[in-house]
Amino acid sequence: MDPSRGGWMVWTLCASLATQNAALRVSMRESSVEVVRGDSVLLPCSFSTSSSRLSRLNIIWTLARFSSPGSPIQVIVYDHRQVIEDPSFVGRVGFTGLPLSADILLNDSRVSDAGVYRCVVNNLPEAADPGIGELQLSVLEPPSLPDCRWDGDVDVGGSVRLSCSVEEGVPTPDIRWEKVNPEEISLPVNMEGDSTGSVQIVNVSSQTSGLYRCSATNVLGTENCYVSLAVYTAPAGSSGLLQGVLLTLTMSLLLLALLALVLWLRRIGQDGRWRDRKAEEEECYNEIRYTPTLMKRSFV
Ligand SMILES: *[C@@H]1O[C@H](CO)[C@@H](O)[C@H](O)[C@H]1NC(C)=O
Ligand SMILES: *[C@@H]1O[C@H](CO)[C@@H](O)[C@H](O)[C@H]1NC(C)=O
């Protein structure tokens, strides 16, 4: 028997014994991780191995995005001491503890990075039990500025629909509508899908006029947009105004007539004394006649 061949057999035997006794074992230190969009996040994946040889270490991180869970991608791979990244992660992802840990650091996180990550570690011929771990990454995002709109008929008796949609935000922002001016009222919102909330106002009246606010809120913040509604009360309003003006005019005329009557009656009653006072009154007239002259003088 060739001695070198015998040595190889012994090595194989030892390797298979080692495999039976202690296998490579992957453990995830977290089962779910959260990050705010744009921030960095560490995705932990530890493994223990009884082998001192890590030359055939192979690590694969896959991602099943929440948006397409059926088609996972390979985020980053370590194989033959080389690292390969998926194009959508190039420059943003890297191993932090090779070859002793399979942790990766993800920089500049995006909402599309959210999903289920799997860390698969192999170190052939060592058996792996289990050689795989899983964690869920959530990428949170504040709400974007919502878009407020209204449509419908703002004449009295018409109906108006206010709608508000928000494009971004994880978790999905809550949408609320409130009237903020002249008084604060919270309004019932009908959701149309996840990101649009509308309010229907029927039989509008002048009380409908005012400022309305839509707010989109999630754990990271609130953004608002506003709609100002002016209900046109033109036909009813102007005739009311006209009536009011006419009524006031009529009342004033009546009052004037009454006053004239009273004065006339008094004058008749005082007629006897009228002539006696005439002289006195002429003095007054004289005074008035002088006034322009006085004024002229003062201006000179
Ligand atoms: C991620 O950011 C950290 C800290 O800024 C940096 O050390 C690391 O190299 C970055 N990783 C990649 C893949 O750019
Ligand atoms: C509309 O509002 C007016 C005044 O508020 C009320 O008199 C009328 O009955 C309302 N019409 C309907 C259809 O609700």
Side-chain angles (χ1 to χ4, degrees), residues 28-30 33-47 57-63 65 72-115 117-121 133 135-141 150-162 177 179 181-190 198-212 228-244:
M28 306 302 266
R29 306 194 295 281
E30 314 261 4
V33 178
E34 274 185 0
V35 64
V36 174
R37 185 200 58 196
D39 288 356
S40 299
V41 61
L42 184 84
L43 304 185
C45 175
S46 311
F47 62 90
L57 184 66
N58 169 280
I59 303 168
I60 303 171
W61 275 93
T62 64
L63 162 62
R65 291 192 161 105
I73 59 158
Q74 291 194 346
V75 175
I76 188 165
V77 175
Y78 175 77
D79 193 33
H80 288 92
R81 298 184 184 180
Q82 285 199 318
V83 175
I84 303 155
E85 300 131 61
D86 181 84
S88 63
F89 284 91
V90 164
R92 298 196 295 131
V93 70
F95 287 101
T96 58
L98 280 176
L100 299 174
S101 120
D103 293 358
I104 54 172
L105 183 66
L106 176 56
N107 287 346
D108 189 18
S109 59
R110 301 172 184 169
V111 170
S112 59
D113 295 340
Y117 284 78
R118 284 187 166 171
C119 168
V120 184
V121 184
L135 68 76
Q136 189 167 308
L137 176 69
S138 306
V139 181
L140 307 184
E141 182 185 44
W150 70 269
D151 56 60
D153 177 10
V154 283
D155 288 333
V156 169
S159 109
V160 174
R161 183 174 161 275
L162 307 177
W177 270 106
K179 188 177 187 183
N181 197 293
E183 71 267 75
E184 286 218 17
I185 312 168
S186 134
L187 302 161
V189 175
N190 308 309
S198 70
V199 167
Q200 194 77 33
I201 306 171
V202 295
N203 194 17
V204 305
S205 65
S206 56
Q207 275 131 37
T208 311
S209 298
L211 187 64
Y212 293 78
S228 175
L229 279 189
V231 174
Y232 297 112
T233 52
S238 72
S239 82
L241 191 70
L242 201 64
Q243 276 167 16

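Start at 1 and go down the list; that is how both ligands and their atoms are numbered.
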Checklist line | Verdict with supporting geometry, Leu106 and Leu137, side-chain contact (heavy atoms from CB on, under 4.5 Å) | finding: CA-CA 11 Å; Leu106 176 56; Leu137 176 69; 4.0 Å; yes
Note to self: Counting only heavy atoms from other residues, nucleotides and ligands, does the tally under 6.0 Å from CD of Glu183 exceed 12?
What the structure shows: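 Yes - once you tally the heavy atoms of other residues, nucleotides and ligands closer than 6.0 Å, there are more than 12.
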What's the shortest heavy-atom distance between [X] and [Y], and which atoms?
{"X": "Leu187", "Y": "Lys179", "answer": "CD1-N, 4.0 Å"}
{"X": "Met28", "Y": "Cys119", "answer": "CE-CB, 4.0 Å"}
{"X": "Pro182", "Y": "Ser209", "answer": "CD-O, 3.8 Å"}

Margin query: What does the 4.0 Å heavy-atom contact list look like for ligand 1?
Written below: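 Protein residues near ligand 1 are Gly91, Arg92, Val93, Leu105, Asn107.
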Side-chain donor-acceptor contacts of residues 35-45 below 3.5 Å, not counting sequence neighbours, with atom names and distances?
residue	atom	partner	partner atom	Å
Arg37	NH1	Glu141	OE2	2.6
Ser40	OG	Asn107	OD1	2.9

